[in-house]
Structures are given as structure tokens and as C-alpha cells.
Amino acid sequence: MKYVDEFRDPEKAASLVAAITALAGPLAASRGRPLHIMEVCGGHTHTIFRYGISGMLPPEIELVHGPGCPVCVLPMGQVDDCVAIAETPGVILTTFGDAMRVPGSQKSLLQAKAEGTDVRMVYSPLDALALARDNPEREVVFFGLGFETTMPSTALTLLQAEAEAIRNFSLFCNHITIVPTIKAILDSPDLHLDGFLGPGHVSMVIGAAPYGFIAEHYHRPLVVAGFEPLDILHALWLVLTQLAEGRADIENQYGRIVPPDGNAAALDAITRVFELRPFFEWRGLGSIDHSGVRIREAYARFDAERKFALPSLRVADPQSCQCGEVLKGVIKPWQCKVFGTSCTPEAPLGALMVSSEGACAAYYQYGDLEGLRTQHAVGAA
Amino acid sequence: MCLGIPGRIVAITDETRKLATVDVAGVKREVNIACIIDGRALDDCVGDWVLIHVGFAMSRIDERQAQETLQILTELGEAQQEIAAMRASGRG
Ligand code: SF4
């Protein structure tokens, strides 16, 4: 496949690690602590664990796993609303596979399906629209979620539904936007971040300009990165180079996919269909201003929020859950009290255990758990 | 859902809905190409390498940029080898 193997070359990885190590030593020494670099995107978290990248890096670099997995930040109340829609007679509820397993306060969509509710997994929102075309007597609802990466696909599907005057299709919109979230993290007092790996596929849509404030106002470097191991290492090296030179710039390591100005057609579809919500509730992070989008009035007839009476309750996360601290990078996944015991990928308590892009599931699947626990025990002693 | 997968456009299947067949490692699938047309005639998109997310081609893979990045990484690797050699010879 195009440019997949080329970006996994172990020799190049080894030289990047050597270059990173050479820069990290003096930078950490001058701070008297390891460097904290946050990878915002869950896709990066997945690559980091799958290829054991943390283990290649010197101890002077700590990767902080950010909140960029849309499945993982979905609050229980939203899942409950979605279950309520699914259980409405006549409805076919459709969504991506990962979203089906996120726990609600009573059940997940997968559990609702097991009880006989018509919930179907689709690969694309276009598949949901096709279901609506084929089942005119049923109401087909697509549970749409994701950052700017998937927002255009939902917007274009809705515009297609309008063009074909399909009346039995609607969207339960849970799309979120990354920039206000990064700002909330930068304003959070418990975190000291030295730089960011920027989300590659969000940036392919929005371009690099929206991150400007991170360099200008917060003086932190951000490097938009691809998803292969060499991409991550290369981007880390670029972040460290900026730190060593005392610069804070927005750079793009992923030029083969990310155009500097983003994708005009995708942005146009987004702005036609969606507008910012005053605030959106995130699992573990609470309410963040302007961090979600909703359907504009002009497309109200495709809006499941207006078509259905939703309970819309705010449901607190379970007490034992420490997803919020993990999402903000304050604790590591394996430091959560229920990690691997009452919270596992098979029976997730928190959403970070659901998707393979969630930090807890990634640790669980690829992490050297015994090693981490012993290290922790030694560190605590 | 957020990672995407590269594929190559092999045929236009629906002009009005902007659908095309892509070949993803030998598997054929219909995707929407509205986001990568970029003012071109639809037929000119055939042959493009694109990154596909949830049934939509979202970006054209820029070969020149990919080669440039790989070139930088190769040069960086050569520089590292030289540094290592200098250290090993005790004159670094
Ligand atoms: S282990 Fe489970 S409950 Fe704890 S932070 Fe991870 S997902 Fe949340």
C-alpha cells in the first residue's frame, strides 16, 4: 500500500531515536524534570503502543496521552439518549462499531441490540442513508460522532439526503471540535506540557492555521504528525528541535496528507450543515465551551435531537472511574484503581477501555503491564 | 474510524452523487470523492491515490511531499551514522 512500509523502516527509526535522545538530555536537565509531550489524537496513542514507541524513547521524554479519541470522551448521558432513540418503535439506529460498546448508565447500544432493539453497525454514514432509502417505512437514525475527521462525511451524507428528499433519515449529532479542547487542556493547572504532536487527520480537514494560538499565546510547539512509527518519531524530533532552539512554531510533518489550508470542500460542507454549540459535555473533562457542533436550523428536519424526545440527563461517571485524570494526562491508565480488574476491554467501565484508540485499551492490549506495575511499586517504595 | 486507509480510484460510478470505486489492497469499494475533486473533471480523478475515512476519500496523497519527508529521514539517518562513527573513533 502507498507509503505504509516506507514509514516503518527500523533503521531510520533507530537514527531518529538517537537524534531525539541527544536533544532530550540537555532539555530535561535544564528543566529538572522529564519533557512532557502530549499526543492529542487517539490514533497516535494507538501507534505509540502498537509499535512500542514509548519503550524506544529515553526516560527524559514522557508521552502524555491526550483526549483525542471521540469514542472515549462520549459521556454516559449521550449514550443513554442514543439508547432511548434506538428503543423508539420503528427506528433503525446505525453507528460505527466502536460507538456501540460505550457504556451508558443502564446499557450500551450493543446491550440494547442484544435485547432486540434494531441497532446496526455501519462502516460509513452513506450506508445508513442507503438503509433509509431501502426502508422508507422506518426512521433511520445515524449516531454521528468524531472530530473534524469524520464531520465532513456526516455533513455530506446529510446534504445528499436533502438532495434526494429522503425524509426518514436523521442524525444524532455528537461531533466535537479539537481546538477548544486543546485550549482547555493548556489552561488546566495540573498539567505542564512542553509541546504537542498535532492530530494528522483533523488537520487534513482544518489545516494548520487554527493551532496558531498554541504557539503565539502559550509558546508551545505543535507538530502535525502522521500515523506511522517514523511519522511519530520524526514529529517528536521536530518538537524537540524547536525546544532546543527556543522556538514555538506550528509545523507540519504530515505534508503527504495535510495541505496547509486544509480541505476547502470538506470545510464548506461542515459550515453549511453545522454550527457551534455554546458548550458540550465531555466524559471526564466536564463541559467545554464551543467544543461541539449541532445541526443548523435550515436542516432541522434531519436533526434527531428535534425529532425525538430525549431524556438528556447529565449522568456522572462511576465513582471508581478515573477517566478524566487519564484523559488530561494527570495519571497513567494503569494507575487507575479499576484498570484491568473491574475495567477491561471485554467489560469496560470507562470509555477509554472501549476503542483501540483509547489510552486504557492501548495499554491493556500492548503494554508491558507486569513491567509497569513493578516499576510503579519500586517507584512508590 | 479516525485512522483511514490508502486506496486508488479506479472508476467513476455515479457522476451526480460523486461516487467512485477505489481499490484498497485488492478490495474494491464504492466511496464518495466530493472532497478531493478540487475543481477537476471527475474522470481526471481516476488513478489518484487517496486516503479514505468512513466511505469518503478525504485527501489526495501527495507523492512529492512523501518523497521529501523520506529524503529528510534518510539524511538524518546518515548524519546520525556519521556522529556515531566519530564517537566510536574517539575523535567526536
Ligand atoms: S481503567 Fe477504565 S475506569 Fe479507569 S481510567 Fe481507564 S477506562 Fe476509565
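So you know, we letter chains A, B, ... as the sequences are listed, proteins then strands, and number each from 1. As the structure is a prediction and not an experimental result, all values here were calculated from the model.
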Drop me the distance from [X]'s [atom1] to [Y]'s [atom2], to the nearest 0.5 angstrom.
X: A:R256; Y: B:E68; atom1: CZ; atom2: CD; answer: 12.5 Å
X: B:F56; Y: A:T154; atom1: CZ; atom2: OG1; answer: 7.5 Å
X: A:Q160; Y: B:T16; atom1: CD; atom2: OG1; answer: 7.5 Å
X: A:W237; Y: B:L76; atom1: CH2; atom2: CG; answer: 4.5 Å
X: A:L233; Y: B:L73; atom1: CG; atom2: CG; answer: 9.5 Å
X: A:T149; Y: B:M58; atom1: OG1; atom2: CE; answer: 8.0 Å

Portion of A:D268 that has a non-hydrogen atom of chain B nearer than 4.5 angstrom: neither
Which portion of A:Q253 sits near chain B, non-hydrogen atoms under 4.5 angstrom: both
Verdict with supporting geometry, A:Y123 and B:R29, side chain to side chain contact (heavy atoms under 4.5 Å, CB included): CA-CA 11 Å; A:Y123 160 71; B:R29 181 175 163 119; 3.2 Å; yes
Heavy-atom count around [X] [atom1] within 6.0 Å, excluding the residue itself: above 12?
X: A:E11; atom1: CD; value: no
X: A:K12; atom1: NZ; value: yes
X: A:M121; atom1: CE; value: no

Evaluation steps, side chain to side chain contact (heavy atoms under 4.5 Å, CB included), between B:K18 and A:L156: CA-CA 11 Å; B:K18 302 197 173 62; A:L156 286 165; over 6 Å; no
Sub-4.5 Å side-chain heavy-atom contact between B:V54 and A:P125: yes
Nearest heavy-atom neighbours spanning A:G255 and B:D62: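 Between these two residues, the closest heavy atoms are O-CB, 4.1 Å.
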Shortest non-hydrogen contact from A:A265 toward B:A34: CB-O, 3.8 Å
Test applied, side chain to side chain contact (heavy atoms under 4.5 Å, CB included); reference residue, B:C35; option that passes from A:V205, A:N263, A:L267: A:N263
Best-contacting candidate, B:E78, B:R60, B:E30, B:E63, against chain A by heavy atom pairs under 4.5 angstrom: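 Greatest number of close heavy-atom pairs with chain A: B:E63.
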Side chain to side chain contact (heavy atoms under 4.5 Å, CB included) assessment of B:I72 paired with A:H234: CA-CA 9 Å; B:I72 291 169; A:H234 184 202; 4.0 Å; yes
From CA spacing to verdict: side chain to side chain contact (heavy atoms under 4.5 Å, CB included), B:T69, A:Y254: CA-CA 8 Å; B:T69 311; A:Y254 199 28; over 6 Å; no
Top contributor to chain B interface from A:P199, A:G42, A:A18 [non-hydrogen pairs under 4.5 Å]: A:A18
Heavy-atom pairs under 4.5 Å with chain B, option from A:L126, A:D231, A:D9 with the top count: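 That would be A:L126.
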